[in-house]
Peer 1: 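Pasting a structure below so you can have a look.
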Protein chains: 2
Amino acid sequence: MKLTSKGRYAVMALVDLARFDTINPVSLRDISLRQGISLDYLEQIFSKLKRNQIVKSTRGNQGGYVLSKKPNEIKLTNILSAVDEKVKTVQCKKESKKGCNGKATKCVTHNLWDELETHINTFFEKKSLQDLLKNKSERVN
Amino acid sequence: MKLTSKGRYAVMALVDLARFDTINPVSLRDISLRQGISLDYLEQIFSKLKRNQIVKSTRGNQGGYVLSKKPNEIKLTNILSAVDEKVKTVQCKKESKKGCNGKATKCVTHNLWDELETHINTFFEKKSLQDLLKNKSERVN
DNA sequence: TCTAAACTTGACCATTTTAGTCAGGTATGT
DNA sequence: ACATACCTGACTAAAATGGTCAAGTTTAGA
């Protein structure tokens, strides 16, 4: 199972983007500063988001990124899979042909992880960027 | 988020144990052979399971491990947390005092991961070893 | 009592993943 | 032209993963 900072950064950055892209493209530099994420790392992430048509870019001065869809049309599944955070739990080796661990049977936990995977995916399927915009940033304290 | 082979092995081994411990303690060697898990690795895992009172051990010849509770009393949460598979998603740095990423506010995704965590934990809370014993091992094909 | 089976502990390690950095681009508005 | 901002690929330190190895201790049974 993979769910790391990269996925979190992607979501954070997109929420930030959704809040500021009403008029002009938003530069990664701004997002970097506001969210405290390394600019270089953001570029890697946005490169993937772009490949997956989640954002559009404008080059040059005053350029930046814009969402390619409305916030409520962008599901978290889309975001996470775009940055290669496969919500795949533990894969049994060569599960396709043989059973797990080279046995002739599926391992007893096989269905379990499948179930969990579905469970999590459903969670991310229901949530959209829009949902995250609502509870904005809460003050600590 | 951590959910790796160690957790899967722990569950697999305990299901195996639950099936065979009716009379005598089950040796790790047997589990190792049946489940195709390295014996040395199993020892590490069972050391943790023992520390967390999930299994009891008998040393010496004919020794081995036995469940310390009934299969329906052992929830998957117990197993996974015993082997340090913290179902903790992404933690924001120093979230306690300051906000995330050193900002004064919680990051926008903070509540999201909290929610997910709860979501997953609920899943594991409901499942017991007993549940896994039912759908035994299915043949591939 | 001897010995083999089985648990116990801790150190060690190769590989992979993570979370970036760095260096060099290219495109474009002003 | 030049600053800004996107774009790309190579590189890397540190951590996690999935083990192995070595050296025990304990106890049943011959």
Side-chain angles (χ1 to χ4, degrees), chain A residues 1-10 12-13 17 20-21 23-33 35-52 54-66 68 80 83-86 88-93 100-101, chain B residues 1-10 12-13 17 20-21 24-33 35-52 54-66 68 80 83-86 88-93 101:
Chain A
M1 171 106 191
K2 272 171 66 185
L3 262 187
T4 65
S5 298
K6 192 186 288 181
R8 186 165 63 93
Y9 287 166
M12 286 169 67
L17 191 56
F20 290 93
D21 81 343
I23 312 170
N24 300 312
V26 180
S27 73
L28 291 189
R29 193 167 159 281
D30 287 354
I31 297 180
S32 164
L33 290 172
Q35 302 297 329
I37 304 170
S38 139
L39 175 60
D40 286 311
Y41 202 28
L42 270 182
E43 285 178 343
Q44 280 183 47
I45 292 170
F46 271 75
S47 148
K48 292 183 179 188
L49 291 175
K50 193 189 172 186
R51 261 203 295 284
N52 286 269
I54 291 171
V55 295
K56 285 180 296 189
S57 69
T58 318
R59 303 185 82 165
N61 200 344
Q62 302 300 318
Y65 288 91
V66 176
S68 29
L80 295 176
V83 295
D84 297 321
E85 298 266 89
K86 299 174 209 286
K88 184 114 185 51
T89 47
V90 194
Q91 65 273 55
C92 310
K93 297 158 198 158
C100 309
N101 287 0
Chain B
M1 172 106 190
K2 271 170 65 183
L3 262 187
T4 64
S5 298
K6 194 187 286 181
R8 187 164 63 94
Y9 286 166
M12 284 169 68
L17 191 55
F20 289 94
D21 81 343
N24 301 312
V26 180
S27 74
L28 291 190
R29 195 168 158 280
D30 287 352
I31 297 179
S32 164
L33 291 173
Q35 302 296 329
I37 305 169
S38 138
L39 176 60
D40 286 312
Y41 202 30
L42 269 182
E43 284 176 344
Q44 279 183 49
I45 292 171
F46 271 76
S47 148
K48 293 182 178 186
L49 291 175
K50 192 189 172 186
R51 263 204 294 284
N52 287 270
I54 291 170
V55 295
K56 286 180 297 189
S57 68
T58 319
R59 303 184 79 164
N61 199 343
Q62 301 300 319
Y65 288 91
V66 176
S68 28
L80 295 176
V83 295
D84 297 322
E85 298 266 90
K86 301 173 208 285
K88 184 113 184 50
T89 45
V90 194
Q91 66 273 52
C92 310
K93 295 158 199 159
N101 287 1

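So you know, we letter chains A, B, ... as the sequences are listed, proteins then strands, and number each from 1. For the numbers below, each heavy atom of this structure counts, side chains included, while hydrogens, waters and symmetry mates do not.
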Peer 1: State which of C/dA23, C/dC7, D/dA5 makes the closest approach to the side chain of A/Arg29.
Peer 2: D/dA5

Peer 1: Under a plain distance cut-off of 3.5 Å, with no hydrogens placed, do A/Ser68 and A/Lys56 share a side-chain donor-acceptor pair?
Peer 2: no

Peer 1: Which nucleotide, C/dA6, C/dT21, D/dT17, lies nearest any side-chain atom of B/Thr4?
Peer 2: D/dT17

Peer 1: Which of the following nucleotides, C/dA6, D/dG19, D/dC6, is nearest to the side chain of A/Glu43?
Peer 2: D/dC6

Peer 1: For C/dT21, does the base pair up with any side-chain atom of A/Gln44 as donor and acceptor (N or O, under 3.5 Å, distance only)?
Peer 2: yes

Peer 1: So which nucleotide from D/dT20, C/dT9, C/dC7 ends up closest to the side chain of B/Leu28?
Peer 2: C/dC7

Peer 1: Taking all non-hydrogen atoms of both residues, which atom of A/Leu42 and which atom of A/Ala13 are closest, and how far apart?
Peer 2: CD2-CB, 4.0 Å

Peer 1: Is a donor-acceptor contact shorter than 3.5 angstrom present between the side chain of B/Arg59 and the base of C/dT8?
Peer 2: no

Peer 1: Give one of base, sugar-phosphate or nothing for B/Val26, where a contact means two heavy atoms less than 4.0 Å apart.
Peer 2: sugar-phosphate

Peer 1: Do A/Val26 and A/Tyr65 have side chains that approach each other closer than 4.5 Å (heavy atoms only, starting at C-beta)?
Peer 2: no

Peer 1: Within the 4.0 Å heavy-atom criterion, would you say B/Gln62 contacts the bases, only the backbone, or no part of the nucleic acid?
Peer 2: sugar-phosphate

Peer 1: Atom CG of B/Leu42 to atom C1' of C/dA5: distance rounded to whole Å?
Peer 2: 16 Å

Peer 1: If you define the side chain from C-beta out and look only at heavy atoms, does anything of B/Leu17 sit under 4.5 Å from B/Val66?
Peer 2: no

Peer 1: Measure from the side chain of A/Asn61, starting at C-beta and using heavy atoms only, and say which of D/dT20, C/dT21, C/dT28 lies closest.
Peer 2: C/dT28

Peer 1: When you measure from the side chain of A/Tyr9, which nucleotide among D/dT4, C/dG20, C/dT8 comes out closest?
Peer 2: C/dG20

Peer 1: Base, sugar-phosphate, or nothing: which does A/Tyr65 touch, judged by heavy atoms less than 4.0 Å apart?
Peer 2: sugar-phosphate

Peer 1: So which one's nearest nucleotide on DNA chain C is more toward 5', A/Thr58 or B/Arg51?
Peer 2: B/Arg51

